Amino acid sequence: MSNIRHALTARRADDFAAWYQEVISAADLAEESGVRGCMVIKPWGYGIWERIQRLMDDRIKATGHDNCYFPIFIPLSNFEREAEHVEGFAKEMAVVTHHRLIADENGKLIPDPAAKLEEPLVVRPTSETIIGDAMARWIQSWRDLPLLTNQWANVVRWEMRTRMFLRTSEFLWQEGHTAHENAADAKEHTLRMLEVYRACAEDDLAMPVIAGEKPENERFPGAVETWSIEAMMQDGKALQAGTSHYLGTNFAQASGIQYQNREGGQQYCHTTSWGTSTRLIGGVIMTHGDDDGLRVPPAIAPHQVVILPMLRDKPEDEALLAYCEDLRAAIAGTSTLGEKTRILLDKKPGKAAAKRWDWVRKGAPIILEVGGRDMENGTVSLLRRDRLWDANGKPDFSAPAASDATGLIPGLLEEIQQALYNEAAARRDANITRGITSLDELSAFYSGDAKYPGWAEVQWSKPTGAALDAVVEKLKALKLTVRNVPIGAEPVSGTCIFTGEPAAERIYVARAY
RNA sequence: CGGGGAGUGGCGCAGCCUGGUAGCGCAUCUGUUUUGGGAACAGAGGGUCGCAGGUUCGAAUCCUGUCUCCCCGACCA
């Protein structure tokens with residue numbers, strides 16, 4: 001057990017933050033860019049993002065949305081229209097003020113004072129206001145509703161503290177924006193998209209989540225309701241992995257999104273917005289990574305199977321490569337999880353045993369090593385990334401017949417997908433504590449030595465305003481936040497652990513990213 | 001943005017206190033021997049020490065400023 005020679009030097013149990021950093025560099029996901037809070041996403045990391053994009057986009061289209069693209073620059077006055085929205089984002093805006101550079105007396109380039117913009121442009125932190133403008137133009141009648149749009153874009157939020165994938169100044173995301181006739185339709189849609197996120201997280205990323213409503217203090221600036229999916233990371237912290245907002249008529253009023261109803265009257269639309277981002281990759285790392293690097297769920301793995309021929313720089317390599325190419329073609333013809341199986345024959349020179357560890361760190365779900373003896377025996381040496389080690393601390397190879405590989409691989413990949421989900425779900429369930437009935441108990445629970453205290457499910461009276469602020473302060477002292485009010489929880493009885501009043505609902509509290 | 005730490009070949013680090021123009025391990029390249037499991041030996045290449053000023057005959061080393069990263073806080077997807 002302890003004599004396993006792991007592929008990483010950092011250990012999750014010793015230093016989770018250092019481990020997270022090491023996975024990102026060792027798995028070749030991304031690197032620093034030299035620009036504060038911005039990262040270079042490398043091919044393997046971007047390939048994972050493209051997989052997530054594809055699967056999420058399919059789900060968004062399947063629920064009736066069309067993709068659009070809106071400008072990255074938003075006129076300041078346009079952005080200003082919704083008061084709460086401005087207040088929420090003003091502190092983290094990048095602003096464009098000039099459109100030309102000029103050399104100063106020292107030859108240094110500076111913004112040309114003569115080229116100052118009449119009105120500054122803000123770099124979008126989110127696009128409610130500019131899309132609201134378009135909606136106001138596009139919508140005339142109740143027959144135009146619902147209007148269901150989505151865009152894939154980059155956004156910028158000038159964060160004080162950044163972390164690769166989890167919180168970067170620039171990040172990639174999709175933001176859906178919809179307009180509806182009334183509150184009921186819009187609220188229903190808000191929940192429909194939350195369910196899309198739940199399904200994508202659990203079925204595609206193999207990342208179990210809890211879907212629920214955010215408390216008042218955690219709402220998106222300008223929203224009436226904010227819902228989220230929350231995932232538990234291996235250090236017990238919560239990660240908000242997607243949000244869906246019912247915006248009421250706040251943005252409709254700010255942007256003039258009105259329609260003529262069936263009775264001929266003018267009426268404001270009820271709008272929604274919802275988003276998921278490259279943060280999901282951070283979630284995948286902290287859900288599925290282990291002390292040997294990343295483990296990519298097959299559904300989002302750019303390569304699900306990697307073949308490593310054991311080349312020897314000798315003439316017989318040619319026959320081996322031909323054997324591997326046949327194997328590759330045969331497996332490429334199969335289907336996994338409803339798509340063509342994605343397989344790579346890695347012909348890069350080098351010893352297979354050394355290359356193996358690169359792919360282990362990257363987290364390819366299945367590695368097939370093929371040497372001369374396999375060729376003779378008609379077998380392949382198969383390594384599952386989700387179960388790397390045998391009881392003796394050696395890589396746990398199996399040796400199925402090559403002729404069976406096409407029949408075997410798709411099922412194996414689907415099994416790995418499920419196994420990763422099951423492992424994460426079991427860990428989450430084991431780390432949710434129920435039955436805490438007082439603030440003292442909660443305090444004791446989170447002040448103990450337990451390294452991974454996980455989440456607590458408690459009940460509260462759903463305080464608002466100043467009473468909620470008081471609760472938030474108490475939680476803050478324990479570094480805790482209310483994550484959400486889970487959908488479909490059992491009814492409550494008894495009293496609120498914060499106020500002593502009759503309980504109204506269950507909430508999850510946790511430390512969070 | 002406050003407190004702390006750090007930036008030296010691709011990666012991880014030493015050198016800095018007590019200035020004298022760089023060193024180790026891994027990786028890379030070449031050769032030889034190996035080879036069914038993260039090869040060994042020999043040789044070689046690669047760094048104006050984050051950047052900009054300053055002190056000095058001389059700066060990785062001392063001083064000032066600045067940028068970036070990490071950890072803790074406040075803020076947030």
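Below, all heavy atoms of this structure are taken into account, side chains as well, without hydrogens, waters or symmetry copies. Below, chains carry the letters A, B, ... as their sequence lines are ordered, and counting in each starts from 1. Quick caveat: nothing in here was measured; it's all calculated off a predicted structure.
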> With a 4.0 Å cut-off on heavy atoms, is A:G275 in touch with a base, just the backbone sugar-phosphate, or nothing at all?
Replying inline: nothing
> Can you list the steps and then say if A:L412 with A:R384 is a side chain to side chain contact (heavy atoms under 4.5 Å, CB included)?
Replying inline: CA-CA 9 Å; A:L412 209 48; A:R384 288 174 61 152; 3.8 Å; yes
> For B:C72, does either OP1 or OP2 sit under 4.0 Å from a side-chain N or O belonging to A:R161?
Replying inline: yes
> Within less than 4.0 Å of OP1 or OP2 of B:C75, is there a side-chain N or O belonging to A:R157?
Replying inline: no
>> Measure NZ/A:K214 against P/B:C76 and give the value in whole Å, please.
In response: 12 Å
>> Tell me whether the side-chain N/O atoms of A:K355 come closer than 4.0 Å to OP1 or OP2 in B:A27.
In response: no
> When you compare B:G25 with B:G73, how far apart are their P atoms, in angstrom units rounded to a whole number?
Replying inline: 39 Å
>> I'd like to know if A:R167 reaches the base of B:C76 with its side chain, counting only an N/O donor and acceptor under 3.5 Å.
In response: yes
> A:D313 has an atom CG; how far is it from atom C1' of B:U30, in whole Å?
Replying inline: 13 Å
> Looking for any heavy atom pair under 4.0 Å, which part of the strands does A:F89 touch: base, sugar-phosphate only, or nothing?
Replying inline: nothing
>> The side chain of A:Q21 is closest to which nucleotide in this list: B:A39, B:A74, B:C70?
In response: B:C70
> Can you tell me how far C1' of B:C71 sits from CG of A:D235, to the nearest Å?
Replying inline: 14 Å
>> Just to be sure I understand the rule, does A:L239 reach a base, reach only the sugar-phosphate, or reach nothing, if contact means heavy atoms closer than 4.0 Å?
In response: nothing
>> Any carboxylate oxygen within less than 4.0 angstrom of a Lys/Arg side-chain nitrogen, looking at A:R12 and A:D291?
In response: yes
>> With a 6.0 Å cut-off on the ring centroids, do A:F220 and A:H85 count as close?
In response: yes
> Taking atom C1' in both B:G47 and B:U8, what distance in whole Å separates the two?
Replying inline: 8 Å
>> Suppose we define a pair by two distances each less than 3.5 Å, Watson-Crick or G-U wobble; what does B:U33 pair with here?
In response: B:A39
> Heavy atoms under 4.0 Å, any strand shown: does A:S277 hit a base, just sugar-phosphate, or nothing?
Replying inline: base
> Does A:K214 pair with A:E230 as a salt bridge, N-O distance under 4.0 Å?
Replying inline: yes
> Between A:H245 and A:T226, do the side chains contain an N or O donor and an N or O acceptor separated by less than 3.5 Å?
Replying inline: yes
>> For A:R385, is there an ion pair with A:D290 - N to carboxylate O distance below 4.0 angstrom?
In response: yes
>> Work out how far the P atom of B:C51 is from that of B:A59, and round it to whole angstrom.
In response: 15 Å
> Distance check: side-chain N/O of A:K479 vs OP1/OP2 of B:G73, anything under 4.0 Å?
Replying inline: yes
> Within this structure, what is the CG-to-C1' distance between A:D28 and B:C11, rounded to whole angstrom?
Replying inline: 12 Å
> Within the structure shown, what part of the strands sits under 4.0 Å from A:T276 by heavy-atom distance: base, sugar-phosphate, or nothing?
Replying inline: nothing
>> If the threshold is 4.0 Å, N to carboxylate O, is there a salt bridge linking A:E195 and A:R192?
In response: no
>> Regarding A:K61 and A:D57, does a basic nitrogen lie under 4.0 Å from an acidic carboxylate oxygen?
In response: yes
> Using a cut-off of 4.0 Å on non-hydrogen atoms, how would the nucleic acid contact of A:G371 be classed: base, sugar-phosphate, or nothing?
Replying inline: base
>> Roughly how many Å apart are B:U55 and B:C63, using the P atom of each and rounding to a whole number?
In response: 15 Å
>> What's the gap between B:A60 and B:U21 when it is taken at their P atoms, as a whole Å value?
In response: 10 Å
>> Can you check the distance between B:U64 and B:A6, where both ends of the measurement are the P atom (answer in whole Å)?
In response: 15 Å
> Taking a pair as Watson-Crick or G-U wobble with both distances under 3.5 Å, which nucleotide is matched to B:G65?
Replying inline: B:C51
>> Which nucleotide, if any, forms a Watson-Crick or G-U wobble pair with B:G23, using both distances under 3.5 Å?
In response: B:C13
> Quick one: A:H85 NE2 to B:C76 C1', roughly how many Å, whole number?
Replying inline: 14 Å
> Say you pick atom C1' in B:G12 and the same atom in B:U56; how far apart are they, in whole Å?
Replying inline: 34 Å
>> If I take atom CD in residue A:E32 and atom C1' in nucleotide B:C67, what distance separates them, rounded to the nearest angstrom?
In response: 13 Å
> A:R36 CZ to B:C69 C1': how many Å, rounded?
Replying inline: 10 Å
>> I'd like the P distance from B:C26 over to B:A39, given in whole Å.
In response: 13 Å
>> Heavy atoms from C-beta onward define the side chain here; which of B:C76, B:C1, B:C69 lies closest to that of A:T162?
In response: B:C69
>> Let's test this: given Watson-Crick or G-U wobble pairing with both distances under 3.5 Å, identify the partner of B:C1.
In response: B:G73
>> Whole angstroms only, please: what is the OH-P distance between A:Y513 and B:C76?
In response: 19 Å
>> Taking the nucleotide of RNA chain B with the nearest heavy atom to each, does A:D292 or A:T168 sit closer to the 5' end?
In response: A:D292
> Which base, if any, makes a Watson-Crick or G-U wobble pair with B:U28, both distances under 3.5 Å?
Replying inline: B:A44
